[in-house]
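Single-structure report; data block below.
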Amino acid sequence: MLKEIRWHGRGGQGSFTGAKLLGTAASLHDGRFAQAFPSFGPERRGAPVLGFNRISDNPITDRSEISLCDFIIFLDDTLWNERYYDDLKKEALILINTADSSLANERIRTIDATGLALDVLGLPIANTAMLGALAALSGETVTREALVEALKSSLKPSVLEKNLILLEKAYERF
Amino acid sequence: MSEFAFLNGNEAVAWGVRLSRPHVIAAYPITPQTKAVEKLSSFVQNGEMDCKYLHVESEHSAMACSIGSSSVGARTFTATSSQGLLYMSEGLPYASGARLPIVMMNANRSIATPWNIYGDQMDAMHVLNSGWVQLFVEDAQEALDMVIQSFKLAENHDILTPVMINVDGFVLTHTYEKVEIPGQELVDSFLPAIEKAPHLMNDQDPMSLCISAGNQHYMEFKIKQHRDMFKVFEQLESIDRDFEKSFGRSHGGAAAGYRNEDADVILVTTGSVTGTARVVVDSLREQGIKAGLVKLRLLRPFPSDDLFELIGKAGAVGILDKNISFGFEGTVYTNVNSSLLQKGYRGRTFNFIAGLGGRDITKENIEEMFSALLEQKGETVQYFNMGCAL
């Protein structure tokens with residue numbers, strides 16, 4: 001099993017933090033191997049940025065950029081573009097954070113993760129919700145239990161409880 | 001007790017340094033090495049390391065401080081990258097000539113102009129003749145482990161030569177993966193406290209350091225230094241064997257083969273691209289193509305014997321260079337080609353230049369390299385993943 005995932009977000013939205021949490025969950029709590037890496041280079045608030053994950057049952061040695069994905073996650077729907085269909089493997093899915101559910105089709109799943117995050121956290125930080133959605137769509141990629149453990153080991157106590165609730169709410173949407 | 005953590009290459013290096021208990025760290029931050037020295041300074045600040053951390057004003061000073069502290073017998077670490085390495089380069093031969101066992105991490109990055117912060121190996125090639133051991137690692141675990149092994153190697157009284165651990169910028173320094181952090185007790189027993197070399201500063205037995213030597217003596221110093229470098233091969237293998245006994249992991253000696261034994265064609269790599277090439281070799285093998293790989297872990301000293309043995313009867317050898325020596329060819333190629341000629345290798349050699357300034361090296365690029373080797377076609381020096389024709 002090898003899953004390759006790309007995160008699209010804007011600097012400050014936490015797309016790489018999402019990738020890092022996913023890698024932590026898969027490698028340290030699901031007993032798999034994982035990589036997480038950012039789009040290399042300067043980070044600028046608001047500019048489009050990428051995050052990458054590889055998750056596998058076997059050690060991962062591939063160091064090339066990920067062009068064909070099992071999942072593409074958009075933290076910001078203004079970054080979505082139809083050309084990204086070309087970057088999907090067979091049976092791959094696109095997950096978009098958007099309030100516009102009409103975007104959904106056989107290749108696209110949508111969730112209003114920002115809306116959920118505003119309700120639960122009071123902040124538009126949607127990465128935890130996207131992780132919950134990912135676990136619901138593909139438990140083979142990462143389990144909800146591993147994500148819970150990763151949040152517990154990575155987040156400050158002051159924000160942990162609300163993020164656990166957010167993860168759960170997003171998970172239940174699918 | 002060891003524990004697993006999800007770390008990037010910079011953090012893995014910082015953990016390797018922490019476990020090695022240096023007395024002094026002198027460093028100046030530079031992308032993409034910054035996170036390593038930030039992590040180390042926070043270890044010191046939090047009292048998790050008993051170490052003097054010198055936040056100096058430049059890389060030149062970082063090397064000067066390292067030379068000073070190593071001269072009194074202190075275990076010393078520094079880290080840099082790219083322009084920083086070039087700025088400290090005046091001090092590098094001072095350290096190696098004075099036989100000071102400093103360990104340095106170099107986060108491999110391109111050289112300006114154009115200004116570029118991304119990874120290639122041009123910086124290391126600039127200082128190949130500085131008298132430092134030059135080691136290249138493939139992943140974060142090897143980076144952590146080789147910090148520990150490098151102190152043991154550099155401080156060996158038959159070697160007494162500084163070691164530069166090359167860690168590919170971004171591809172390794174910024175990629176998180178599962179890393180085993182060994183327990184402190186195990187590292188302490190593998191790497192005891194530094195044993196002060198007899199030629200160092202000692203108030204009970206004062207002598208000159210960094211002396212001058214005229215034309216009657218200088219050459220003997222340099223030939224002795226050159227000959228002692230070759231002792232690194234045996235020591236590195238011995239240290240790795242001991243490491244495996246203690247930690248259950250082995251990284252090999254100066255060079256390591258992968259599916260090379262019956263290979264018709266072989267690609268020679270340094271650093272992180274080795275991992276991507278492993279994937280390509282596996283997939284070519286599934287198609288019945290006898291492709292193999294040789295990972296060069298040391299460029300100085302250069303492992304001519306190991307290389308020739310690992311390449312064996314392969315009909316063609318490609319050398320992947322993430323650098324270029326303008327007006328000639330890739331520097332790893334120059335070294336490998338010269339070494340193979342001396343050994344009487346009769347196959348054809350190719351030089352594949354890729355990945356300059358952080359350009360991605362894709363699996364397809366590596367497949368193209370193997371195609372060129374199988375068909376023995378094209379120019380000796382070839383460029384990969386170019387954005388436009390020149």
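A, B, ... follow the sequence lines: proteins, then strands. Residue 1 opens every chain.
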key: Pick from B:Gly358, B:Ala5, B:Pro32 with the largest number of heavy-atom pairs that fall under 4.5 Å of chain A   = B:Ala5

key: More than 12 heavy atoms from other groups under 6.0 Å of NZ on B:Lys35   = no

query = CE of B:Met1: more than 12 outside heavy atoms within 6.0 angstrom?
reply = no

ask   = Do you know the tightest heavy-atom contact between B:Asp360 and A:Glu65?
value = OD1-N, 3.2 Å

key: Non-hydrogen atoms of B:Phe6 and A:Ala34 that approach each other most closely   = CE1-O, 3.5 Å

request  = Report the residues that fulfil salt bridge (charged side-chain N to carboxylate O under 4.0 Å, His left out) with A:Lys89, sequence neighbours left out, ordered by chain and then residue number.
outcome  = A:Glu4, A:Asp70

note = Result for side-chain contact (heavy atoms from CB on, under 4.5 Å) between A:Arg63 and one of B:Asp139, B:Ile361, B:Val279, B:Thr274 points to B:Asp139

inquiry  = If the contact rule is any heavy atom under 4.5 Å from chain B, which residues of residues 15-25 of chain A qualify, in numerical order?
reply    = A:Phe16, A:Lys20, A:Gly23, A:Thr24

ask   = Near B:Glu244 CD, under 6.0 Å, is it more than 12 heavy atoms from other residues, nucleotides or ligands?
value = yes

ask   = Does atom CD of A:Glu91 have more than 12 heavy-atom neighbours, drawn from other residues, nucleotides or ligands, at distances under 6.0 Å?
value = no

query = For A:Arg10, does the CZ atom have more than 12 heavy-atom neighbours from other residues, nucleotides or ligands under 6.0 Å away?
reply = yes

ask   = In this structure, are over 12 heavy atoms from other groups packed under 6.0 Å from A:Glu172 atom CD?
value = yes

query = Would you say the side-chain atoms of B:Lys178 pair up with the backbone N or O of A:Arg32, donor to acceptor, closer than 3.5 Å?
reply = yes

ask   = Going from OG on A:Ser64 to CG on B:Asn365, what distance comes out if it is rounded to the nearest 0.5 angstrom?
value = 9.0 Å

remark   = B:Gly275 and A:Thr61 have their tightest heavy-atom pair at O-OG1, 2.7 Å

Side chain proximity check, A:Phe37 to B:His174, heavy atoms < 4.5 angstrom = no

query = So do A:Asp62 and B:Lys363 actually touch side chain to side chain, heavy atoms under 4.5 Å?
reply = yes

task = Inspect the surroundings of OH in B:Tyr28 and state if more than 12 heavy atoms from other residues, nucleotides or ligands are less than 6.0 Å away.
result = no

